[in-house]
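As structure tokens, the structure follows; a few thoughts come after it.
All figures in this text were calculated on a predicted structure; none of them were measured in a lab. One is the number of the first residue; the rest follow in order along the sequence.
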Amino acid sequence: MRQTFDETTSPAFGEKHLPLLRARMAEQGLDGFLIPHEDEHQNEYLPAANERLAWISGFTGSAGAGAVLRDRAAVFADGRYTVQVRAQVDPKAFEILELEGNGLARWLEGAPEGSVIGYDPRLHSPDALVGLKAAAAKAGAELKPVEVNPLDLAWTDRPAQPTAPVVPHEDRYTGESAVAKRTRIGKAIADKGADAAVLTAPASIAWLFNVRGGDVIRTPLPLAQAIIAADGSARLFIDPRKVDNALPGWLGDQVRVESPEALDAALEGLKGRRVLIDPGVSSAWWFDRLDQAGATVVRGADPCTLPRAAKNAVEIEGSRQAHIRDGAALTRFLHWVDAVAQHSLPDEREVAEALERFREETGALKDLSFDTIAGAGPNGALPHYKPVTRTLRRMEPGSLLLVDGGGQYLDGTTDVTRTLAVGQPDADQIRMFTLVLKAHIAMAVIRFPAGTTGHQLDALARAPMWMAGLDYDHGTGHGVGSYLGVHEGPQRISKAANAQPLLPGMIVSNEPGYYREGHWGIRIETLQVVTPAEPIPGGERPMLGFEQLTLAPLDRRLIDAGLLTPDERAYVDAYHAEVLRKVGPLLDGEVLDWLKRQCAPL
């Protein structure tokens, strides 16, 4: 089983590790040290060797930070991890604070005057450092880069860096050869007035060279760096233990595979050249090093980000097939919940393991796309709750079960949430679920002109909730990769301003929700791809819309058809008919009969 769960952390993390770090800080003349969750590659999910925040504090969430002074320390986590961080972190050793709203910067404003607070420039983006330096200056403190990370020195039993083999990702999945991609990206670099680009984002390297790896849990990424020239030639810096004899042939003659030790000299060789690098995904160390080498830094978006996000026809078809396969596994799981779990009332861990078991049985699952979220009753009211030992709950009659999970397949990445009634739902649960469904349908059926951003669409999904005096505090949708990250930019649908228009081929989630603290939560999530819409009679402009990719039935016990408009009822019926048409052929027996009942017209 690939499913992993975060166990309750021993207070020994604070008792044992804080003194070790503070001793190393003192050796470097530091009064404090900042510990972001991000690693040298700005990854969301990390290999064990880069889990610095987890080592010092015990907190293993994918979004957080730490700060250690001589006499106190703090851990910052975003709202997804409210329960998890309190279950894992010793409150006697660490103050537990919110990451949102520049939480770390606000905390720095209270640093002791005259203190010297270190940071590892390999772990912070230059954009993030601007606010942190300003906060430190406001306190009369100094934020100082370190050559050697004191936490790494203190972490004497640190795991080795991963050396998973880098493997070709075939053109039948990518739809474009690596040669064609390098040519295209080289031209984009030249169009920016640059001679070369430095790529540090593993997802960009995986996409550009049509390779995948296994260095990062839940995402098939190789940890590496690359320099690509405007003529399309490239140098790929990667641990030689990850490279077999066949890989150089796959990459081609225009790609030099080199050891990471050669990177420093390669950067020196960029003296006098104009070098494109993205301040949003590359750490401050790269900018400092390029300046030292005498290169002219051109700040701009990673040239692979947008092409990677706008999937081609082969990638879109692959995603369709992955979702049909995944939909069959989901349907078997939903049938299990209805036929077995409703009576045995398993705990959240058992629910999540069951879902993975059904995905495993497809024979195509490479990994989960993230740790499964299974929230029973009150835990479902935490939007991104993950089962941890201290907080595990069993399914309870009269409550709701929220399950959010996804799979990594060679042809696509999935992410889906379904909310299920445990026993007979009450009128309030049905009403709230139906309001979330109305919000979900509003985003599913919307048509919009080219140039529209997800930020502009977000309010349309929220409108049915707002009209009832309700809202949800997370975004409506995030981008998703093609056998890459389950969270992918630059597209998103949220209240937060985002200038990136939605383009054909972009995959985004559609996941409005409602969360009643202390009781239960509701979320409906499907993935959808931006496509040209059918011409609208009488319309004067071409429009874009969404094709639904996720195929899994909704819990009809939670739908009040009387609250839906005729068009909304028609949407649900058409969606369920599509689920039955595409997923049904992969099922038989009791499961198929159950799906037919679930997909019957409202």
Side-chain angles (χ1 to χ4, degrees), residues 40-42 125-127 169 171 174-211 221-238 250-258 260 262-312 315 479 481-482 484 488-491 499-501 503 505-506:
E40 291 86 339
H41 302 271
Q42 301 294 297
S125 74
D127 289 352
H169 192 49
D171 292 3
T174 69
E176 184 180 12
S177 71
V179 173
K181 288 180 178 179
R182 285 191 285 103
T183 300
R184 183 152 64 108
I185 296 305
K187 183 179 183 303
I189 292 167
D191 290 345
K192 289 282 189 181
D195 303 302
V198 171
L199 302 179
T200 65
S204 291
I205 289 166
W207 176 86
L208 179 64
F209 296 103
N210 282 352
V211 295
L221 296 175
L223 299 186
Q225 298 88 19
I227 299 173
I228 177 169
D231 64 3
S233 63
R235 302 172 71 176
L236 178 61
F237 302 91
I238 192 166
W250 170 261
L251 294 171
D253 294 339
Q254 278 199 306
V255 179
R256 288 170 55 186
V257 180
E258 303 180 60
L263 182 58
D264 201 58
L267 294 176
E268 288 289 340
L270 294 174
K271 180 178 181 179
R273 310 287 296 279
R274 293 177 56 82
V275 181
L276 177 65
I277 186 167
D278 188 338
V281 299
S282 297
S283 69
W285 181 87
W286 293 93
F287 292 79
D288 297 341
R289 190 65 190 81
L290 287 168
D291 283 338
Q292 294 167 11
T296 299
V297 172
V298 179
R299 291 184 171 224
D302 179 329
C304 300
T305 298
L306 200 55
R308 185 177 76 239
K311 312 295 186 290
N312 60 42
E315 291 171 313
S482 178
L484 283 172
E488 177 181 87
Q491 74 274 25
Q500 175 58 54
L503 303 176
M506 285 182 169

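For Glu488 against Ala309, the heavy-atom pair with the smallest separation is OE1-CA, 3.6 Å. The two residues Leu236 and Ala226 have their closest heavy-atom pair at CD1-CB, 4.2 Å. Taking every heavy atom of both residues into account, Pro260 and Phe237 meet most closely at CA-CB, 4.3 Å. Between Ala284 and Pro126, the closest heavy-atom pair is N-CD, 3.7 Å. In terms of heavy-atom proximity, Ala206 sits nearest to Pro222 at CB-CD, 4.0 Å. Ile189 approaches Ala229 most closely through the heavy-atom pair CD1-O, 4.3 Å.
Between atom OG1 of residue Thr174 and atom CG of residue Leu208 there is a gap of 11.5 Å, rounded to the nearest 0.5 Å. Atom CD1 of Ile205 is separated from atom CG of Leu223 by 9.0 Å, given to the nearest 0.5 angstrom. Expressed to the nearest 0.5 Å, how far CG of Leu484 lies from NE2 of His169 amounts to 7.0 Å. Here CD of Gln254 is found 9.0 Å from CD1 of Ile228. Values are rounded to the nearest 0.5 Å. Here CZ of Phe287 is found 8.0 Å from CG of Leu290. Values are rounded to the nearest 0.5 Å. Residue Asn210 holds its CG atom at 4.0 Å from NZ of Lys181, rounded to the nearest 0.5 Å.
A donor-acceptor pair under 3.5 Å is absent between the side-chain atoms of Trp250 and the main chain of Val211, judged by distance alone.
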Item to complete: Dump the intermediate steps for side-chain contact (heavy atoms from CB on, under 4.5 Å) on Val255 and Arg182, then the final yes or no.
Response: CA-CA 10 Å; Val255 179; Arg182 285 191 285 103; 3.5 Å; yes
Discussion item. Run Ile227 and Leu267 through side-chain contact (heavy atoms from CB on, under 4.5 Å) and show every step you take.
Written reply: CA-CA 9 Å; Ile227 299 173; Leu267 294 176; 4.3 Å; yes
Item to complete: List the steps, then state whether side-chain contact (heavy atoms from CB on, under 4.5 Å) holds for Asp278 with Leu199.
Response: CA-CA 8 Å; Asp278 188 338; Leu199 302 179; over 6 Å; no
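Looking at residues two or more places apart in sequence or on another chain, you find a side chain to side chain donor-acceptor pair (under 3.5 Å) between Ser233 and Asp231. Judged as a side chain to side chain donor-acceptor pair (under 3.5 Å), and not counting sequence neighbours, the contacts of Asp264 are Arg289. Legend: residues meeting side chain to side chain donor-acceptor pair (under 3.5 Å) with Ser125, ordered by chain and number and at least two apart, are absent. Listed by chain and residue number, Arg235, Glu258 satisfy the side-chain contact (heavy atoms from CB on, under 4.5 Å) test with Arg256 (two or more places apart in sequence, or in another chain). Legend: residues meeting side-chain contact (heavy atoms from CB on, under 4.5 Å) with Ala310, ordered by chain and number and at least two apart, are absent. Residues forming a side chain to side chain donor-acceptor pair (under 3.5 Å) with Gln500 (at least two apart in sequence, or on another chain): none. Taking the side-chain contact (heavy atoms from CB on, under 4.5 Å) definition, one finds that Val257 meets it with Ile238, Val243, Leu251, sequence neighbours left out.
Proximity of Ser283 to Gln42: side-chain heavy atoms (C-beta onward) are separated by under 4.5 Å at one or more points. Leu306 has its side chain within reach of Leu503: a pair of non-hydrogen atoms, C-beta onward, lies under 4.5 Å apart.
Counting only residues at least two apart or on different chains, the side chain to side chain donor-acceptor pair (under 3.5 Å) pairs with a member in residues 184-205 are Glu176-Arg184, Lys187-Asp191, Thr200-Ser282, Ser204-Asp302, Ser204-Arg308.
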Distance-only check: which donor-acceptor pairs under 3.5 Å involve side-chain atoms of residues 291-299, not counting sequence neighbours?
none

